[in-house]
J.: 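Before anything else, here's the structure in question.
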Amino acid sequence: MPPALFDWFVPCPRGLEVPLAAELAEIGQRHLGGASFKAGAQVPGGVHFKGGWTAGMAANLHSRIASRVLLKIAHGPYRSENDIYELAYQQQWEQWFTPNQTMRVDITAIKSPLRSLEFATLRVKDAVCDRLRELSGSRPSVDTQQPDVRVFAFLTINECTLYLDTSGDPLFKRGWRLDKGAAPLRENLAAGILRLTGWTPGTPLYDPMCGSGTFLAEAAQVALNIAPGVERRFGFEKLKQYDVNAWQKLKVAAVDAKRAARTSRADLQIFGSDISGDMLDKARANLDRAGLPDLSLKQVDARNMTPPTDAPGILVANPPYGERIEVRGRGPRGEIRDTGRGRRDRDEDDEAFTRAQPDPADTEFFISFGNALKQRFPGWRAYVLTSDRKLPGLMRLRESTKTPLFNGALECRLFRFDLIAGSVRNRPASQDAPREE
Ligand SMILES: C[S@@+](CC[C@H](N)C(=O)[O-])C[C@H]1O[C@@H](n2cnc3c(N)ncnc32)[C@H](O)[C@@H]1O
């Protein structure tokens with residue numbers, strides 16, 4: 001009998017749907033050894049696919065861009081919270097988990113007419129608990145911090161879809177980051193950006209504001225063929241039924257690949273620098289914990305950066321912005337100030353920082369950064385992620401492309417600058433005014 005096929009939904013940071021779909025197709029080809037995988041629709045914020053358990057587990061283990069991997073349980077129309085309760089009550093949750101396990105329910109809605117999503121969340125939770133209590137005499141308790149099982153409901157204007165999460169902790173948590181530093185990028189956003197740049201292993205890659213080293217770690221793992229999830233556990237491991245044998249095979253192959261990477265002597269051509277020695281220490285600690293070889297990390301003010309290789313490559317950076325973290329070393333050249341202000345831990349759902357107007361010192365920094373790119377990086381392609389749409393103007397550079405991306409709730413642009421010797425289109429200062437998109 002052929003294995004059961006399920007519907008899966010893989011959410012990702014908005015703007016990364018196309019690279020995620022390409023990545024999932026690759027995972028289907030490379031890691032499923034003939035097990036079924038059928039690409040599905042891309043929708044804002046995620047990608048659907050069809051496949052058996054092996055495909056769902058491989059997506060968890062190998063996707064660098066996914067935020068989670070969700071198993072579709074039910075789909076139906078609704079007009080009220082009671083309809084949602086009924087839909088949830090009818091599902092065979094007892095197939096998947098026991099009343100002794102803890103659970104959490106989350107709801108996402110687009111244009112739902114319901115007055116309280118909190119109440120709808122409670123109704124889903126009640127339905128699952130009522131069903132299990134009626135069948136077994138006891139019900140799961142709720143744990144919002146470290147639940148064994150997560151149920152997601154997605155509401156449109158009149159339809160409700162119920163999903164069982166198979167990831168557990170969100171997939172950007174690779175299991176190796178100890179030192180967050182200030183305002184690190186999520187690993188899955190960094191991995192998606194790397195894919196958007198078209199970077200491939202062997203091409204020089206340089207992050208001149210590398211912070212805790214997220215771009216560098218993601219790139220090194222791609223180059224060394226290390227699965228992003230090899231060091232972590234997944235939610236499906238707590239479910240009653242998943243394909244344990246297939247999981248063992250996938251996991252053993254990923255562990256073997258990581259072991260082989262340790263002895264690799266490949267010259268990765270991945271370089272980082274930052275103005276802060278503290279951040280470089282954090283980056284080193286993170287790379288080490290991720291089992292990656294030493295990369296070249298240098299303490300350099302980005303205004304003074306020089307290409308790390310003779311051959312041109314790809315420069316990628318997310319400079320400090322707004323209140324999250326300040327540009328440092330922005331006084332007179334050589335004067336390095338570290339205010340430490342604006343530092344905060346990242347919170348999965350709390351990234352809506354607003355951009356303050358750039359002050360003259362920021363402007364000076366970005367003009368110098370732009371000059372460094374124009375004067376010293378001919379032949380390179382530079383990609384800069386920022387929530388500041390005026391950044392190309394500040395840098396006196398004209399972007400070749402700009403891709404909208406979301407860093408949590410913060411709407412950003414990934415600007416691409418082609419630094420072709422002698423033909424960079426400079427922008428006069430008068431063009432600094434914001435443009436309509
Ligand atoms: C938004 S963080 C980058 C975070 C990084 N992508 C990560 O994931 O950890 C900006 C980084 O720029 C660095 N920075 C600030 N001013 C700088 C300067 N003048 N030259 C080089 N780096 C600078 C900060 O130390 C910080 O690490």
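As a basis for the values below, the full set of heavy atoms in this structure was taken, side chains included, without hydrogen atoms, waters or symmetry mates. For ligands, and for the atoms within them, numbers begin at 1 and follow the listed sequence. What you see is a predicted model; the values in this text were computed from it and never measured.
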J.: Counting only heavy atoms closer than 4.0 Å, does ligand 1 sit against the backbone of Cys210, its side chain, both, or neither?
T.: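 Only the backbone of Cys210 comes within reach of ligand 1.
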J.: Pick one of side chain, backbone, both or neither for how Pro208 approaches ligand 1, counting any non-hydrogen atom pair under 4.0 Å.
T.: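 For Pro208, the contact with ligand 1 is made by the backbone alone.
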J.: May I ask you to list the atoms of ligand 1 that are less than 4.0 angstrom from any heavy atom of Ser212?
T.: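 Selected atoms, number and element: 7 (C), 8 (O), 9 (O).
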J.: Angle between ring planes, Phe377 versus Trp380, binned at 30° and 60°: parallel, tilted or perpendicular?
T.: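 Correct class here is perpendicular.
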J.: Judging by distance only, is a nitrogen or oxygen of Ala302 under 3.5 angstrom from one on ligand 1?
T.: yes
J.: Is there any N or O on Ile275 that sits under 3.5 Å from an N or O of ligand 1?
T.: yes
J.: Please list all pairs meeting side chain to side chain donor-acceptor pair (under 3.5 Å) that have one or both residues in residues 39-56, counting only residues at least two apart or in different chains.
T.: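 Residue pairs with at least one partner in residues 39-56: Asp7-Lys50.
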J.: Tell me, please: is Ala317 in heavy-atom contact with ligand 1, that is, under 4.0 Å?
T.: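 Distance cut 4.0 Å: Ala317 fails for ligand 1.
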J.: Say whether Arg303, considering both its backbone and side-chain N or O atoms, lies within less than 3.5 Å of an N or O atom on ligand 1.
T.: no
J.: Where is the tightest heavy-atom contact between Arg177 and Asn286, given as atom of each residue plus distance?
T.: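 Shortest heavy-atom separation between Arg177 and Asn286 comes out as CA-OD1, 3.6 Å.
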J.: Does Trp93 reach the side chain of Pro140, with side-chain heavy atoms less than 4.5 Å apart?
T.: no
J.: Should Phe365 be counted as touching ligand 1, given the test is an N or O pair under 3.5 Å?
T.: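 It does not: no N or O of Phe365 is found under 3.5 Å from an N or O of ligand 1.
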J.: One residue to check: Met279. Relative to ligand 1, which of side chain, backbone, both or neither has a non-hydrogen atom less than 4.0 Å away?
T.: side chain
J.: Gln145: what forms a side chain to side chain contact (heavy atoms under 4.5 Å, CB included) with it, not counting sequence neighbours?
T.: Asp143
J.: For atom 2 (S) of ligand 1, which of the options Asp362, Asn318, Ile193 provides the nearest non-hydrogen atom?
T.: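 Heavy atom nearest to atom 2 (S) of ligand 1 belongs to Asn318.
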J.: Leu216 and Cys210: which non-hydrogen atoms are nearest, and at how many Å?
T.: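 In terms of heavy atoms, the two residues are closest at CD1-CB, 3.9 Å.
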J.: Any idea how Phe49 and Phe37 line up, ring-wise: parallel (<30°), tilted (30 to 60°), or perpendicular (>60°)?
T.: tilted
J.: For ligand 1, which atoms, with element, lie under 4.0 Å from some heavy atom of Pro184?
T.: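 In order of number, 7 (C), 8 (O), 9 (O).
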J.: Pull out every atom of ligand 1 sitting under 4.0 Å from any heavy atom of Asp301, numbered as shown with elements.
T.: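 Answer, ordered by atom number: 18 (C), 19 (N), 20 (N).
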J.: Within the side chain of Trp8, is there an N or O that forms a donor-acceptor pair under 3.5 Å with the backbone of Val69?
T.: no
J.: Are any of the N or O atoms of Arg177 closer than 3.5 Å to those of ligand 1?
T.: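 No, no N or O pair falls under 3.5 Å.
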J.: Please check if the distance between the ring centroids of Tyr163 and Phe154 is under 6.0 Å.
T.: no
J.: Evaluate Ser276 for polar contact with ligand 1, using N/O atom pairs at a separation under 3.5 Å.
T.: no
